[in-house]
Amino acid sequence: MSQIRGTANYHLGPDQRMFGGPSHSVASSDPSPLDAIRQHTDKIEDILDTFAEPVKPYLPAIGRFLIVVTFLEDAVRIMSQWSDQLMYLNDYRKIPSGLTHLFLFFNVVAMLSCSTLVIIRKFSDYAVGGLIAVVVTQALGYGLIFDLNFFLRNLSVMGGLLMVLSDSWGRKRFAFAGLPQIDEKDRKMYFQLAGRVLLIFLFIGFVFSGEWSISRILVSLLGLVACVMVVVGFKAKWSATLLVVILSIFNVLINNFWTLHPSHPHRDFAKYDFFQILSIVGGLVLLVNMGPGQFSVDEKKKVY
């Protein structure tokens, strides 16, 4: 397309100039900064594709499992700490005893059943809706809706769940002859965009929490650049891969709950954070597999 928009059909030779200015060939000889960045990232993407080729068929399954792993861990934790959960909801949240049992039972059943459906790719619409309902009810039930860190993390988790929806719609193969599928494509585009935007909120919370250091500043700047690239969809696969690496290293080094004593007061918090970040990594893995969608710079450059 760029050749069509060039000198074709205008018979402008290399020595012809408009109003004494430089010729078209001279003016277009220097690539723009965006083109230069694109050339370098294209090489990196080629290298990543070469190494990722053996696991590429398994990326959707890996991404889906990682997204729901925090819900599976939460269900197991509630069942193993049932009495402690009831005491907290009764004594601190002042929720009546009967409602606390129903609340915990609903959460456990919903998390186990919906997570299983996501993993096996059955009824993904209902499964994702159920897990989003769990996120909302837990925020209200445990009084964490105004906790900024919790809020940002769960926005990212919901972003991963929206990527599951996009992936499931993209894999549907049923269609009746002669009937348009525009509505299905439109839904996928919008949900991919929403999922991309929500996924980066975890990193925003990471940037503005904790103590500052030189290494933290460098990682934060690098991560913020990758987040912006994910949101606008510019080299989204490469930038999502970079975020997967950064978050995975951060998760192992900071949320290493296995190094804490079982009775340590921060063990459960570190464990919860560890599995939540795994879920967000799962959403990024799906983004690497699917691409950013039509509302992105990567997709628009194919058109122009």
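Hydrogens, waters and symmetry mates are skipped; everything else that's a heavy atom, side chains included, is used.
Side-chain contact between V118 and I67 is absent, with no heavy-atom pair separated by less than 4.5 Å. Between L72 and F275 there is no side-chain heavy-atom pair separated by less than 4.5 Å. In this structure the side chain of V69 reaches within 4.5 angstrom of the side chain of S279, judged on heavy atoms. Looking at heavy atoms from C-beta onward, Y272 lies in side-chain contact with R77 at the 4.5 angstrom threshold. Looking at L162 and R196, their side chains never come closer than 4.5 Å, going by heavy atoms from C-beta outward. Considering only heavy atoms from C-beta on, L104 comes within 4.5 Å of L89 through its side chain. Within the 4.5 Å cutoff, the side chain of L155 has heavy atoms near those of the F151 side chain.
Side-chain N or O atoms of S156 include one that pairs as donor or acceptor with a backbone N or O of L198 at under 3.5 Å. S115 contributes no side-chain N or O that, together with a main-chain N or O of L112, makes up a donor-acceptor pair within less than 3.5 Å. In this structure a side-chain-to-backbone donor-acceptor pair under 3.5 Å is missing from N251 to L247. Panel note: side chain N256, backbone T259; no donor-acceptor pair is recorded below 3.5 Å. Between the side chain of R64 and the main chain of I120, no donor-acceptor pair closer than 3.5 Å is present. No donor-acceptor distance shorter than 3.5 angstrom exists from the side chain of S248 to the backbone of V245, with no hydrogens or angles considered.
To the nearest 0.5 angstrom, D84 atom CG is 12.0 Å from I78 atom CD1. One distance of note links CG of N107 with CD of Q138; it measures 4.5 Å at 0.5 Å rounding.
Considering N255, I254, L278, D268 as possible partners of D273, the one that fulfils the side-chain contact (heavy atoms from CB on, under 4.5 Å) test is N255. Between L284 and the options L242, L66, V244, a side-chain contact (heavy atoms from CB on, under 4.5 Å) holds for only V244.
In terms of heavy atoms, S239 sits closest to A226 at CB-O, 3.5 Å. Annotation for F257 and A270: closest pair CB-CB, 3.9 Å, computed over non-hydrogen atoms.
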Item to complete: Go through the steps for Y142 and F103 under the test ring-ring contact (aromatic ring centres under 6.0 Å, His included), then give the verdict.
Response: CA-CA 11 Å; Y142 289 100; F103 175 79; 5.8 Å; yes
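Follow the hydrophobic side-chain contacts under 4.5 Å out from L161 and you never reach L117; the two are in separate clusters.
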